[in-house]
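In this text the structure is predicted, and so the values were computed from the model without any measurement. Throughout, protein chains are lettered first and strands after them, A, B, ... in sequence-line order, and every chain is numbered starting at 1. Atoms considered below: every heavy atom in the structure, side chains included; atoms not considered: hydrogens, waters and symmetry mates.
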Number of protein chains: 2
Amino acid sequence: MARTGRPREFDRDKALDAALTLFWAQGYEPTSLNQLKARMGNISPASFYAAFGSKEALFREVVQRYLETYGQVTAPLWDETLAPRDAIEQTLRRSARMQTDRSHPPGCLIVLGGCNCAPENLSVQALLATERERSRRGIRACVERAVACGELAALPTTETLPVLFTAFLHGMACEARDGDGAATLDAAVTTLMQVWDGLAVKPGLFSAADRLS
Amino acid sequence: MARTGRPREFDRDKALDAALTLFWAQGYEPTSLNQLKARMGNISPASFYAAFGSKEALFREVVQRYLETYGQVTAPLWDETLAPRDAIEQTLRRSARMQTDRSHPPGCLIVLGGCNCAPENLSVQALLATERERSRRGIRACVERAVACGELAALPTTETLPVLFTAFLHGMACEARDGDGAATLDAAVTTLMQVWDGLAVKPGLFSAADRLS
DNA sequence: AAGCTTCCATACTAATCAGTCCGGAAGTGG
DNA sequence: CCACTTCCGGACTGATTAGTATGGAAGCTT
């Protein structure tokens with residue numbers, strides 16, 4: 001069915017990007033509709049609600065877009081053509097670079113966007129928690145894959161390695177916002193990956209060859 | 001000068017604790033004065049402002065109390081009678097236990113309390129950032145102490161180890177809020193500390209240090 | 001151009017935000 | 001007891017919150 005009637009005057013896509021930037025910088029709750037409408041091209045309340053439904057619906061759409069773009073830095077976690085170790089290393093390095101890129105707010109929207117929520121907005125907090133859980137499971141899957149192919153011993157790595165890498169991944173959001181640069185975080189990733197090598201079944205044998213990122 | 005006049009009816013100390021719990025769970029901005037007054041014993045606005053000055057002043061006092069109590073888990077960082085490695089390990093383990101204790105909200109007030117701030121509340125964000133910077137410097141001081149006493153090689157550890165440990169420390173706040181338990185985080189600390197041991201000068205294996213880009 | 005559909009500017013809710021003011025009540029020290 | 005100090009209940013401020021209603025303008029299809 002073709003679209004009839006007067007077309008909207010603002011660029012919905014650009015408006016969504018503006019909202020993304022604003023939510024990224026401030027988080028869900030303190031970002032007001034007035035701020036949003038202003039940044040989205042001085043659109044009117046009527047236009048806003050016609051195009052996006054509500055503040056929460058807009059935020060869900062923003063999160064979706066974030067996951068499809070910036071959030072793709074974690075995609076290696078689900079790429080089974082990569083060696084498990086490389087998948088995790090690439091995820092961490094790409095996250096470090098992305099979160100510190102100066103073309104957008106520092107840190108990670110999924111980690112920081114819904115930290116401070118009143119009871120009425122718990123659904124927003126839950127939405128982001130679900131996405132964090134996804135990363136957590138992705139990391140765990142990599143570790144389990146490494147165990148399955150004999151690269152790591154089963155215990156205790158299957159339990160603790162995912163927690164360690166996930167905590168670091170999420171912690172980078174805080175460090176990036178506090179001003180750490182890409183090189184700084186990347187060096188920390190290098191150091192962290194030595195934990196993997198230290199736990200590898202054949203100590204040190206493959207570590208040099210695996211570092212081809 | 002002795003205190004004259006009608007004494008206040010509510011317990012200022014208990015009220016401060018109630019405010020601490022509320023700010024801890026929700027963060028600064030979404031916590032409203034109505035919520036605060038209700039939890040602080042149904043006190044009136046007049047009583048609130050007479051006792052605490054303003055919402056921000058109350059928050060600063062809450063942060064102060066937090067640092068003097070729960071925040072003391074990081075005290076080992078400045079205890080020079082401890083070996084540097086032990087200071088960091090104890091800090092991480094005590095943080096893990098504290099942040100997951102079910103007698104209060106999960107996570108860390110300093111990391112999570114001011115994540116989402118509107119422009120007008122940037123001072124609150126800055127207050128917490130300053131405290132995080134304090135931990136960061138404490139960790140760095142431990143690493144430098146280890147280098148000074150010959151336990152670690154100077155480069156590249158002085159630059160990267162503090163970043164790694166700090167990111168993990170702050171990342172635990174996210175994991176604790178997402179439901180990780182004390183044992184889970186503690187095991188991750190154990191694994192993380194292997195990085196330190198791998199970089200220790202003693203073993204004579206410089207391969208690890210040489211692998212940095 | 002006719003008729004229909006959609007958009008948008010403006011004015012407007014009702015609720016909540018942090019914070020103030022006042023006048024009476026309740027204790028204190030002398 | 002008196003005078004003084006402090007506290008507190010409740011009404012109130014102006015600003016801001018997310019979201020609505022209305023009516024005219026603009027553009028598409030025929």
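Look at Arg85(B) and Glu89(B) and you find a salt bridge, because one of the NZ, NE, NH1 or NH2 atoms lies within 4.0 Å of a carboxylate O, short of that distance. Taking the charged nitrogens against the carboxylate oxygens, Arg65(A) and Glu61(A) have no contact shorter than 4.0 Å, which rules out a salt bridge.
With rounding to whole Å, Arg8(B) atom CZ is found 12 Å from dC8(D) atom C1'. If you take CD1 of Ile43(A) and P of dT10(C), they are 14 Å apart, rounded to a whole angstrom. Between the CG atom of Asn121(B) and the P atom of dA18(C) there is a distance of 10 Å, given to the nearest Å. Phe59(B) has its CZ atom 14 Å from the P atom of dA18(C), to the nearest Å. Per the geometry, CZ belonging to Phe52(B) stands 16 Å off C1' belonging to dA18(C), to the nearest Å. Asn42(B) has its CG atom 13 Å from the P atom of dC8(D), to the nearest Å. Rounded to a whole Å, the CG atom of Asp11(A) is 12 Å from the P atom of dC8(C). In this structure, Glu120(B) places its CD atom 14 Å from P of dC17(C), rounding to the nearest Å.
For Ser44(A) and dA9(C), the shortest distance from a side-chain N or O to OP1 or OP2 is below 4.0 Å. Look at Ser47(A) and you'll find a side-chain N or O under 4.0 angstrom from OP1 or OP2 of dC8(C).
Screening residues 100-126 of chain B for salt bridge (Lys or Arg N to Asp or Glu O under 4.0 Å), with sequence neighbours left out, gives no hits.
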Contact letters for nucleotides 12-25 of chain D, in which S counts primed atoms plus P, OP1 and OP2 and B counts the base, heavy atoms under 4.0 Å: -----SSBBB--BB
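Using a 4.0 Å heavy-atom distance criterion, Phe10(B) is classed as a sugar-phosphate-only contact.
Remark on DNA chain C: of its neighbouring residues Ala50(A) and Gln35(B), the 5'-side contact belongs to Ala50(A), judged by nearest-heavy-atom nucleotide.
Listed by chain and residue number, Arg94(A) satisfy the side-chain contact (heavy atoms from CB on, under 4.5 Å) test with Arg97(A) (two or more places apart in sequence, or in another chain). Under the rule for a side-chain contact (heavy atoms from CB on, under 4.5 Å), the partners of Ala15(A) that lie at least two apart in sequence or sit in another chain are Phe10(A), Met40(A), Phe52(A). Every ring-ring contact (aromatic ring centres under 6.0 Å, His included) that Tyr70(A) has, sequence neighbours left out, goes to Trp24(A), Tyr66(A), His104(A). Under the salt bridge (charged side-chain N to carboxylate O under 4.0 Å, His left out) criterion, Arg8(B) pairs with no residue, sequence neighbours left out.
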